[in-house]
Amino acid sequence: MAQTIASGLQMMMTKPSVNSSRKMLNSSAAVFGANPKTNSFSMLSSASSIASVKPLSCNIISTQSKSGKVITRAMSQSTESKPTLPGLPIDLRGKRAFIAGIADDNGYGWAIAKSLAAAGAEILVGTWVPALNIFETSLRRGKFDASRVLPDGSLMEITKVYPLDAVFDNPEDVPEDIKTNKRYAGSSNWTVQEVAECVKKDFGTIDILVHSLANGPEVSKPLLETSRKGYLAAISASSYSYVSLLKHFIPIMNPGGASLSLTYIASERIIPGYGGGMSSAKAALESDTRVLAFEAGRRYKVRVNTISAGPLGSRAAKAIGFIDTMIEYSINNAPLQKELAADEVGNAAAFLLSPLSSAITGSVVYVDNGLNAMGVAVDSPVFGDLNIPKDN
């Protein structure tokens, strides 16, 4: 199934021991406490005195993994050390993250990867198989370099990109028409079980797991017009895929690790246009988050949370339709009248995936400028006489 509704789209309708394979890891830690006038991503600044870098002074290096896949990295030319900045650090140095669902450079998954990288984590990515070639080619040719820039001026490193289709748990689940589909030609070991096994073989363990993917083939249909096939497809790709990822990856997650997914307010509020069973899938995802938090916490000492993010004008969301309208609605009606930036979700994710949130699990965390708190649309003419404060 085409997992075309990725990290930004699913929100659209309203909203420790480092081995030799990790020598390239950018040793930095994200710190809150910089200039409050800067944007939120620039608040993640280097706090490392181990291997800091000079802004705009780096080499882009392409190497080849055992599987022949291109690995794009950045290395600093600087040997100088920056002083440790004051503040409360999000320090993920020595941690390894696997992020499922990145296929371009402008969704929530990419933003989460950047924030984790800024905090010092090593980044592994799972990309939907049909989008893999374009994504890797864009990385290799430097098309994403501008959006790879971290607060310290270095470029985000993606250690390895794995082909992934989270709709299929193992090879036995893959139907013949998918096996023979030309969009899957040249790729192998892309079911959830196989990817987890490949990551274990390549790196041993991970510390962070991020689920940033969703798909509803009938998302434009009202629920009453949604077919059983379309409804179950939305559930499979958008919620059970997270259960499957955690099931297969948690055996290789280090105790104290954390996992995160992305949900949407349509799980609990009516959002006309967000159909095809997607609202049901998000409700299931949030319920599963609570159950998985208990099971993963008790058995593996791993935390499980989800972020309910507001609308983002990602490429995937714009391909569907009225995302710009929903962004405008959010600006007009949320307590904070501003457009939500992807890095604001990325920074919230970095916190939830860091030791700073070690007592938080089973939670739905809203990152939507407060839109979730509203009970009415204050831009309605019926409230015109209330003199509600608004930005002009």
Side-chain angles (χ1 to χ4, degrees), residues 16-18 25-36 38-52 82-99 108-124 150-152 156 205-212 246 249-250 253-263 289-290 292-294 296-298 300-309 340-370:
S17 174
V18 181
L25 178 62
N26 176 30
S27 299
S28 62
V31 173
F32 291 116
N35 187 348
T38 61
N39 63 37
S40 62
F41 191 77
S42 66
M43 296 290 283
L44 294 174
S45 54
S46 175
S48 173
S49 59
I50 299 175
S52 58
K82 286 185 178 180
T84 300
L85 298 178
L88 186 64
I90 293 182
D91 189 353
L92 296 177
R93 288 172 293 179
K95 305 295 185 182
R96 181 181 292 118
F98 182 88
I99 305 166
Y108 284 136
W110 180 272
I112 292 172
K114 284 187 68 175
S115 291
L116 295 179
E122 180 178 18
I123 305 299
L124 310 178
L150 299 177
D152 63 4
M156 175 177 68
T205 62
I206 64 172
D207 305 278
I208 293 167
L209 177 67
V210 178
H211 176 275
S212 179
L246 195 56
F249 274 87
I250 203 166
M253 293 185 71
N254 292 314
S259 181
L260 184 74
S261 65
L262 293 170
T263 185
T289 294
R290 292 183 282 271
L292 291 171
F294 174 76
R298 289 296 183 99
Y300 296 97
K301 301 186 185 305
V302 168
R303 297 181 296 108
V304 181
N305 293 292
T306 188
I307 287 179
S308 182
L340 182 68
D343 62 90
E344 292 177 300
V345 172
N347 293 344
F351 165 71
L352 288 172
L353 294 166
S354 78
L356 292 180
S357 64
S358 58
I360 302 175
T361 193
S363 297
V364 177
V365 178
Y366 298 94
V367 185
D368 62 356
N369 290 323

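As the structure is a prediction and not an experimental result, all values here were calculated from the model.
- Considering CD1 of Ile208 and CZ of Phe249, their distance stands at 13.5 Å, rounded to 0.5 Å.
- Rounding to the nearest 0.5 Å places NE2 of His211 at 13.0 Å from CD1 of Ile99.
- Separating the CG atom in Leu116 from the CZ atom in Arg96 is a distance of 13.5 Å, to the nearest 0.5 Å.
- No side-chain heavy atom of Tyr108 sits under 4.5 Å from any side-chain heavy atom of Val210.
- Of all heavy-atom pairs between Ile90 and Ser354, the closest is CG2-CB, 3.7 Å.
- The nearest pair of heavy atoms linking Ile307 to Val345 is CD1-O, 3.9 Å.
- Side-chain atoms of Asp368 do not come within 3.5 Å of backbone N or O of Ala309 as any donor-acceptor pair.
- Closest heavy-atom contact between Ile123 and Ala113: CD1-O, 3.6 Å.
- How far CG of Leu150 is from NZ of Lys114: 6.5 Å, rounded to the nearest 0.5 Å.
- The main-chain N or O of Val304 is found under 3.5 Å from a side-chain atom of Thr361 such that the two form a donor-acceptor pair.
- Taking all atoms of both residues into account, the shortest heavy-atom contact from Ala258 to Leu352 is CB-O, 4.1 Å.
- Nearest heavy atom pair, residue Ser261 against residue Thr306, reads OG-OG1, 2.8 Å.
- Closest approach of Ala349 and Leu260 over heavy atoms only: CB-CD2, 3.5 Å.
- The line from OG of Ser363 to CZ of Arg303 is 9.5 Å long, rounded to the nearest 0.5 Å.
- Between Leu92 atom CG and Leu353 atom CG the span is 7.5 Å, to the nearest 0.5 Å.
- Counting heavy atoms from C-beta on, the side chains of Ile112 and Leu262 come closer than 4.5 Å.
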